[in-house]
Structures are given as C-alpha cells and as structure tokens.
Number of protein chains: 2
Amino acid sequence: MQSDCKQCPFNSKAAATLSDCSFEQLSENHLVLSFKKGDSIIKQGMYSTNVVFLRTGLAKIHLQGPYHEQIVRVVKSPTYLGLPTTFGDKINQYSVTAITEAEVCFIDVHVFQKILNENREFSNEIIIELCQNELESFHRCANRTQKLIRGNMADALLEFADKIFISDTFTIPLSQAELANLVDTSRESVSRVLTEFDKDGIIKMTGKKIEILNKKSLKMISQNG
Amino acid sequence: MQSDCKQCPFNSKAAATLSDCSFEQLSENHLVLSFKKGDSIIKQGMYSTNVVFLRTGLAKIHLQGPYHEQIVRVVKSPTYLGLPTTFGDKINQYSVTAITEAEVCFIDVHVFQKILNENREFSNEIIIELCQNELESFHRCANRTQKLIRGNMADALLEFADKIFISDTFTIPLSQAELANLVDTSRESVSRVLTEFDKDGIIKMTGKKIEILNKKSLKMISQNG
DNA sequence: AAGCCTTTGTGATGTGCATCACATTATATA
DNA sequence: TATATAATGTGATGCACATCACAAAGGCTT
C-alpha cells in the first residue's frame, strides 16, 4: 500500500524539510503496514534493507542479552527505527516489537539514502536525532546500573507519564515480566515494588491501570534509594 | 597552532572523502593542542562550540552518575568526540579526559557543519559512526547489567587487548578505582578479581603491566559466571 | 461455564557484592 | 632521605535482590 507522504500527518520534523521531489520518491517507494500488539516489526538477526518509520503506536526496542531478553527502551511514534541496520551490515542488531496497535512505513534503503543525500536539512536532523539517542543511552545506562530497584521503577513510571502518555493515568502496555527486563530486575521485584508504591499511596493500581498520585515522592525515590 | 589537514596522517576514513576546498577550510579553522595524562579535554556542563578530533592518544568518556562517576568507555584515536554537544544545546553532557598523552584538534562547529553539508560522503560516514555507537551502547549496557563482575572484568581486559592495544601485553592507563567505574563495581572487587585471575594463571600482573596468558579462559568467564 | 495457560502476589532462602576497616605498598612532595 | 598522599590487597560483615516455590487471580479457548 502506498500513500502520499506529504499529506501524512505524522510527517516528522526532519521530513518537513524535504523537497517536493523527495516526497514523491518517498510516496512511491514505501509500504505501510499495520501491526497488532505483540507483532514483531524488526527481528534481531534478520537481514533487512528497509528503514522503518513508526507512524502510529508504541513499540519496544529489545535485544537478546547474555542471560535474558533486555528491553532497551520504549519508543513512541513518530520516529525512525532501524537506522543502525540500514547503515551497518544490514543484519538487525536488535528487535522492535509493537506493544500497541501500530502503523509502520517501510522505506527502501536506497531511496532513503538518496533522499538523505539530496536534503541537507534532513540529514542534519537525522544526525541530531542520533546524537540525542547517544546521550540518552549514556545517562540511561548510568542510572540503571547505579540506582536501586525502587529508583529505577520510579524512573520508568515517570517516563511513561511524562514522555509516553503525557498523562498521570495510563495503562502500561507491558507485562511485569517485560517491565523487569526494562528496569533490570526480576519479575517478582517489579510486583513487590509496585504494591509497595500502591500501599504507600504513591500510585493507585486498578488492574493494569496506573494512576500516579504523588509525583514528588516518585522523584524523591528516583534520586535517593 | 594550525597545520595542513590533508597531510595529517591521522586523517580519518571519513575525512579521506573531503574535497580539497574543505581540507583548506579545516586547516585554517582548527587548533591543535597537546594534553597530558589526566588533562580534561571536554568537561561536562561546560559550554562549547567545538568539535573535537582525537588525533593521537587514548581518552575516557565519563559522566557524573547519580551516585558516582561512570566511565562510559575508553576511546582510541583517531576519532571524533563531542558530536552530541555540537548538535545539541552546546552544553557538554559528558566529560572526556586524556588517559595517555594526546593530541587533539578543535574544530569550530560552523566550519564543521559547513563541511558536513558540502560533503555527502563525509556526513554519511558520520551517520554510520553514530549508528555503530548506538549499537555498541545497547550491547554494552545489556552485558554490563546482566553479567557478574568476573565476566565484565574479562570483557574489559579482552577489549583492551583486542581493540585498544592490539596486543596481549599492555599497561592499563587507569587506576583500579577507575576500572571499577568502567566495569560497574567497587574498587575492592576489581582488586580481588584481578588477583584471582593472576592466581589462576589467566593473566600475569607485573606492577601495572598485564599480560594475558589464557585468552580462552577469559572468553569462557565472559560467557558464563 | 469448565478447563487451561498466562500473569500476578508473596513468603522463605541463598548469595554476590558493596561496604567498612585496616594493612601494605607505591608515588609524589618537600 | 624523610613524609605525606595516593593506590592497592585482603578479611569480616551486612544487605539488596535473585531465585525458588506456591497460591491466587485473570484471560483464553471450546
């Protein structure tokens, strides 16, 4: 399925700088697919020659660690995915899986490269995004390894509220086992910490729904133990 | 101090694609400085409008974590540093410190940006490098958090041997306290593990010099506990 | 609604490693 | 050469968290 990229409401900031000609190339050389929760969008170890643009929905970036699956981060549309594969050896070094319904554009590498070369602003935006990712990785990694579980769980909840859902009430589209892989703990610890937070009146859990009642406390926990 | 960049023997793969004109711009708009071990090249929190090219020597990329300093990784010349600062808010988000004698070129951002825009190959190379960094970060982070100390120490030693010094005998230009910040442990654990490895005949320590005697064992330890 | 599989809650137990504490050895400085 | 300072080695202790082991509850499927 093709579509007119210029009309796409999820046109990224980077894409906004493209020439009409480039838009046309994009429109004619991409594929839009729909994914259901749990569907694999990018699979670690597989060959691929597409750049992926997550148009709508949420996804998890994850990879096989030495002992268990590791969720690197949760991403929100609109965003590009799989750039390292595209510019590397074409073998996906990580997986991306939809954690909500999602629409995804697959763009052929050669087209993407061509557009990149013909649009300076666009390639600058891509570089900027990659740099931001690098910084985020650094800080995320330092935090995860230095903080205790309660701190990391607090961070995760705050990120869902402030970055992903932009709301203090949300339903995390991950099981506790997945949360554990995101926060670097065991499933059991996730359960324990969440019920602790609930008992302390910091959050309110109703089924899988979470409401943050006391953001200040969460931030305190994030900073101390 | 200026110099002719085209003659620079540490001309990166990326730079090799530059036009003569760009080389001239580079030559006229950069500064070469020498650093001694321990000197700060980039300082977290400081304003900066320079891209840094590490021409010779080794450096550590490090940042302030929530509880203690964290060494993100050790880098080897030739390599660019501080790109995220350049393309971000111009405030350094991490520090870089020389861990051996080092020569460094400071290139003005505007010149660098201009060269980037005028040389597609060059900007492609930069994108590729950033993508590789991202992948490396992912894997490094997954390993560090999942493996036990012995495994992480083994990885560190293997990296020094295979990636940094390209030799099984080397002197790590870091104190054990710094190694601890690199490997996510305590100084004491670093000491204990190293003496363990030495007693087991896996490495031979002579002062600060380390000789890897049994690389197979190190790889085993890296994979298991 | 019955049965099955997945997800979640919670106690009991064990352990890897941080932390503390101090001895010992290198390195720098006067 | 003496003296302060930093870097290392090594034991003893404690604790955060993984792991194990079930029970309970939700969500499927037929």
Side-chain angles (χ1 to χ4, degrees), chain A residues 36-38 60 65-71 99 142-157 171-200 203-210 221-222 224-225, chain B residues 36-38 60 65-71 99 142-157 171-200 203-210 221-222 224-225:
Chain A
K36 286 197 293 291
K37 176 170 176 157
K60 61 172 178 177
Y67 297 107
H68 56 82
E69 190 84 0
Q70 173 101 17
I71 298 182
I99 58 174
N143 279 315
R144 278 216 196 130
T145 52
Q146 289 184 28
K147 286 185 185 175
L148 304 182
I149 292 183
R150 284 169 58 91
N152 283 324
M153 276 299 302
D155 284 343
L157 292 177
T171 301
I172 301 181
L174 296 174
S175 68
Q176 292 191 356
E178 286 176 301
L179 267 178
N181 291 339
L182 176 67
V183 172
D184 278 317
T185 352
S186 63
R187 195 221 93 222
E188 294 90 330
S189 291
V190 169
S191 174
R192 273 185 259 267
V193 170
L194 284 178
T195 51
E196 253 175 63
F197 285 175
D198 187 294
K199 275 179 191 152
D200 295 350
I203 64 173
K204 191 176 131 208
M205 290 200 289
T206 318
K208 292 216 59 154
K209 201 183 79 181
I210 285 181
I221 291 166
S222 160
N224 308 316
Chain B
K36 287 198 292 293
K37 176 171 177 156
K60 60 172 177 176
Y67 297 107
H68 56 81
E69 190 84 1
Q70 174 101 19
I71 299 182
I99 58 174
N143 278 315
R144 279 216 196 130
T145 52
Q146 289 185 27
K147 286 185 185 176
L148 304 183
I149 293 183
R150 285 168 58 90
N152 282 325
M153 277 299 302
D155 284 342
L157 292 177
T171 302
I172 300 182
L174 297 173
S175 68
Q176 291 191 356
E178 287 177 301
L179 267 178
N181 291 338
L182 177 66
V183 172
D184 279 315
T185 351
S186 63
R187 196 222 92 222
E188 293 91 330
S189 291
V190 168
S191 174
R192 272 186 259 267
V193 170
L194 283 178
T195 51
E196 252 175 63
F197 285 175
D198 187 295
K199 276 179 190 151
D200 295 350
I203 64 172
K204 193 175 132 208
M205 290 199 290
T206 320
K208 293 214 58 153
K209 200 183 79 180
I210 285 180
I221 290 165
S222 160
N224 308 316

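Quick note on labels: first sequence line is chain A, next is B, and so on, each numbered from 1. Nothing here was measured: the structure is a model prediction, and the numbers come from that model.
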- Which of B:Ile203, B:Leu148, B:Ile221, B:Val190 passes side-chain contact (heavy atoms from CB on, under 4.5 Å) with B:Met153? It is B:Val190
- Message: The side chain of A:Lys208 is closest to which nucleotide in this list: C:dT8, D:dA18, C:dC17?
- Response: C:dT8
- Within this structure, what is the NZ-to-P distance between B:Lys147 and D:dA18, rounded to whole angstrom? 19 Å
- Would you mind classifying the nucleic acid contact of A:Thr195 as base, sugar-phosphate or nothing, using non-hydrogen atoms under 4.0 angstrom? sugar-phosphate
- Task: Measure the distance from CZ on A:Arg187 to P on D:dC17 and round it to the nearest whole Å.
- Result: 17 Å
- Item | Spacing between B:Lys37 atom NZ and D:dA7 atom P, to the nearest angstrom | 10 Å
- Output the single nucleotide from D:dA18, D:dA21, C:dA18 whose closest atom is nearest the side chain of B:Ile149. C:dA18
- Provide, to the nearest angstrom, the distance between the NZ atom belonging to B:Lys209 and the C1' atom belonging to D:dT8. 19 Å
- Could you work out which one of C:dT10, D:dG9, C:dG16 sits closest to the side chain of B:Gln176? D:dG9
- Heavy atoms from other residues, nucleotides or ligands near NZ of B:Lys208 exceed 12 (cutoff 6.0 Å): yes
- Tell whether A:Arg192 reaches the base of C:dG11 with its side chain through a donor-acceptor pair below 3.5 angstrom. yes
- To the nearest angstrom, the CG-C1' distance between B:Asn152 and C:dC17 comes to 13 Å
- Message: I'd like to know whether A:Thr145 forms a side-chain contact (heavy atoms from CB on, under 4.5 Å) with A:Asp184, so could you lay out the CA-CA distance, the side-chain angles of the two residues, the decisive distance to 0.1 Å, and finally the verdict.
- Response: CA-CA 9 Å; A:Thr145 52; A:Asp184 278 317; over 6 Å; no
- Is it the case that more than 12 heavy atoms not belonging to B:Lys37 sit under 6.0 Å from its NZ atom? yes
- Message: Among C:dT8, D:dA7, D:dG9, which nucleotide has an atom closest to any side-chain atom of A:Ser175?
- Response: C:dT8
- Item | Separation of D:dA18 P from B:Gln146 CD (nearest whole Å) | 12 Å
- Item | Nucleotide nearest A:Ser189 (side chain, heavy atoms from C-beta), chosen from C:dC17, D:dC17, C:dT8 | D:dC17
- Message: So if I take every side-chain heavy atom of A:Ser186 and compare against D:dA16, D:dT10, D:dT19, which nucleotide ends up nearest?
- Response: D:dT19
- Message: Can you identify which nucleotide, out of D:dA18, C:dT8, C:dT19, has its nearest atom closest to the B:Glu188 side chain?
- Response: C:dT19
